[in-house]
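Proteins come first, then strands; the chains are lettered A, B, ... in the order of their sequence lines, and each starts at number 1.
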Amino acid sequence: MIYALVDCNAFFCSCERVFRPDLWNRPIAVLSNNDGCFVSCTRDVKELGIKIGEPYFKYKQLCDEKGIVLFSSNFALYTDMSDRVMSILSRFTPDLEVYSVDEAFLDLSGFVNRSLNKYVEEIQNTVFKLTGIPVSVGVAKTKTLAKIAAGLAKREITSGGVKMLLDGDVVNKSLSKIKVEDIWGIGKSSGLKLKTLQIRSAKELIDYKNDSAIQRVLGKNGLTIKDELSGICSIKERDCSIKKSIQSSRSFAGTVSDLRLMRETISKHISTACERARAQGSVIGSAEIFFGTTPFSSEDSRQQFVHETVSFNLSTDTRKIIKYSLSVVDEWFRDGLKYKKAGITLGKLSDNKNIQLGLFEKSDSPKSEKLMSVMDKINAKDGEGTLRFASCGTADREIRSFKEFRSPKYQSSWKELPKVF
DNA sequence: TCTGGGGTCCTAGGACCC
DNA sequence: TCTGGGGTCCTAGGACCC
């Protein structure tokens, strides 16, 4: 096999730059919900020591000093740009696996006879020309090696954003420079375990003879990764078109200490998630409700973090799932606590088609299905939340989030279309 | 006095990813 | 004032059964 991993460079930042060409050479960063953390940074920002996931308030001063241009996250823009990039990539292979919002694996096995290098450059150039998004490409015999190659493509200035890891000597040389915890699928904790076996680099991992020791510390995943690094394809394609769980959650801009507000928040999360579940044709079997105070140290408040799962007969009826979920809220909510975050995860999702064929039980009445379908249609046409349940509260009590640096909704709002003079 | 062996299924939690 | 939001997969251990 020959895989190419195409990875968009600082994707969210690049999306913002497409509409702000004046920022092409400026350091920029994108912040998470409530402008809490950094979620995307251009290379020059990373070089200042700012890492993805770090809280913004720690670096506020540095950002001011260095003139870093900040953006609040604008996911409507990023998903739209992602769709465009992926659709272009699909022209280059019959087998495209979209791995995340900014990455995809292309099976290029059929192209070995062409000049692979040229083809890859063509992919890179086409994406940039048609979307304005710069991408790096790593090419190798397995997905794990392609991930490593793409990482090298980004790091090595001379690479032009493309790195081929096909020749055995080149692969070995590269692997000896890769720290074990930087391998795709091995994190901090597994990295430490491997160090107890004196394995520090990717090369040391593939040269390690005692497979059972690797399996003991990493589980069978460890051997899969070892094979992949040795050039043996062992990772199956994941089908991500149907989600197995669907989550909706947010941190509050301030804190919430009011039961009614918490009930409304949970109801809204349930409504959002159920709509997404119905949209992918799923029937829901369980809901996990969670809410909690800040996990970070704060002297003035007691801490609590609730995680409760309720299971029920398969259903798509938002009303029913809200009812179950609110009973959890009522049971666990404590007066006087300052809640910082709340959300839900829908689980035990099954395919609606199988249910209709009678393989499983479903408890909803035909009336309820009709109601949900009408609601979804109206909300799709006239906007999110046009029709909602009373338990979600009224719009004026909406819990606002901080988005100090939001960019316009260039592609999803007529009022905010970019203007060309 | 003294308490099997094997199997399946489910769930919670950990680890990892972007 | 202040620390994201979404996912996936694996494993260990409990419940249950014969």
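- Distance NZ (K340(A)) to C1' (dG4(C)): 12 Å, rounded to an integer number of Å.
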N/O contacts under 3.5 Å, protein versus nucleotides 9-12 of chain B?
{"residue": "dT11(B)", "atom": "OP1", "partner": "K348(A)", "partner atom": "NZ", "Å": "3.4"}

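- Relative ring orientation between Y410(A) and F19(A) is described as parallel, the plane-to-plane angle staying below 30° on a 0-90° scale split at 30° and 60°.
- For the residue pair C41(A) and A10(A), the shortest heavy atom distance occurs at O-CB, 3.5 Å.
- Between dG4(C) and S73(A), no contact under 4.0 Å exists linking OP1 or OP2 to a side-chain N or O.
- Between the CG atom of L346(A) and the C1' atom of dG7(C) there is a distance of 13 Å, rounded to whole Å.
- Summarising the geometry, atom CD1 belonging to I148(A) is positioned 8.0 Å from atom OG1 belonging to T142(A); distances are rounded to the nearest 0.5 Å.
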Let me see the working for I322(A) and I266(A) under side chain to side chain contact (heavy atoms under 4.5 Å, CB included), right down to the final yes or no. CA-CA 8 Å; I322(A) 286 179; I266(A) 293 292; over 6 Å; no

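- As judged by a 4.0 angstrom heavy-atom cut-off over every strand, N221(A) is placed among residues making no nucleic acid contact.
- Phosphate contact (OP1/OP2 of dG7(C), side-chain N/O of T345(A), threshold under 4.0 Å): absent.
- The aromatic rings of F333(A) and Y339(A) are tilted relative to each other, their planes meeting at an angle between 30° and 60°.
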Report the C-alpha separation of K66(A) and D44(A) in whole Å, then their side-chain angles, then the decisive distance to 0.1 Å, and conclude whether the salt bridge (Lys or Arg N to Asp or Glu O under 4.0 Å) test is met. CA-CA 10 Å; K66(A) 303 288 181 182; D44(A) 36 11; over 6 Å; no

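- The side chain of Q247(A) lies closest to dG7(C) when the candidates are dT3(C), dT8(C), dG7(C).
- Of the candidates F75(A), F38(A), F71(A), F12(A) forms a ring-ring contact (aromatic ring centres under 6.0 Å, His included) with just one, namely F75(A).
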Protein heavy-atom contacts under 4.0 Å, written 5' to 3' over nucleotides 13-18 of chain B as B (base), S (sugar-phosphate only) or - (none), form the string --SSSS

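- Ring geometry for W184(A) against Y99(A) counts as perpendicular: the plane angle is over 60°, on a 0 to 90° scale with 30° as the lower cut.
- In this pair, F296(A) lays its aromatic ring flat on the base of dT3(C), centres within 5.5 Å and planes under 30 degrees apart.
- Whole-Å rounding puts the N34(A) CG to dG5(C) C1' distance at 11 Å.
- Per the geometry, CZ belonging to F12(A) stands 10 Å off C1' belonging to dG4(C), to the nearest Å.
- Distance F38(A) CZ to dT3(C) P: 13 Å, rounded to the nearest Å.
- Using Watson-Crick or G-U wobble geometry with both donor-acceptor distances under 3.5 Å, dT8(B) finds its partner in dA15(C).
- Between C274(A) and I284(A) the shortest side-chain heavy-atom distance falls below 4.5 Å.
- Heavy-atom nearest nucleotides on DNA chain C were determined for D239(A) and for E54(A), and the one closer to the 5' end corresponds to E54(A).
- When distances run from any side-chain atom of K60(A) to the nucleotides dT1(C), dT3(C), dG7(C), the shortest one goes to dT1(C).
- Checking the phosphate oxygens (OP1, OP2) of dG6(C), a side-chain nitrogen or oxygen of R250(A) falls inside 4.0 Å.
- Nearer the 5' end of DNA chain C, as judged by each residue's closest nucleotide, is the contact made by S248(A), out of S248(A) and L218(A).
- The separation between E237(A) atom CD and dT8(C) atom P is 15 Å, rounded to whole Å.
- The P atoms of dC18(C) and dT3(B) are separated by 24 Å, rounded to the nearest whole Å.
- Here dG7(C) presents its P atom at 13 Å from CD1 of I242(A), a figure rounded to the nearest Å.
- Ring geometry for F105(A) versus Y3(A): interplanar angle over 60°, hence perpendicular rather than tilted (30 to 60°).
- A straight line from CZ of F405(A) to C1' of dG4(C) spans 16 Å, rounded to a whole angstrom.
- Among the atoms of the strands shown, none is found under 4.0 Å from any heavy atom of I52(A).
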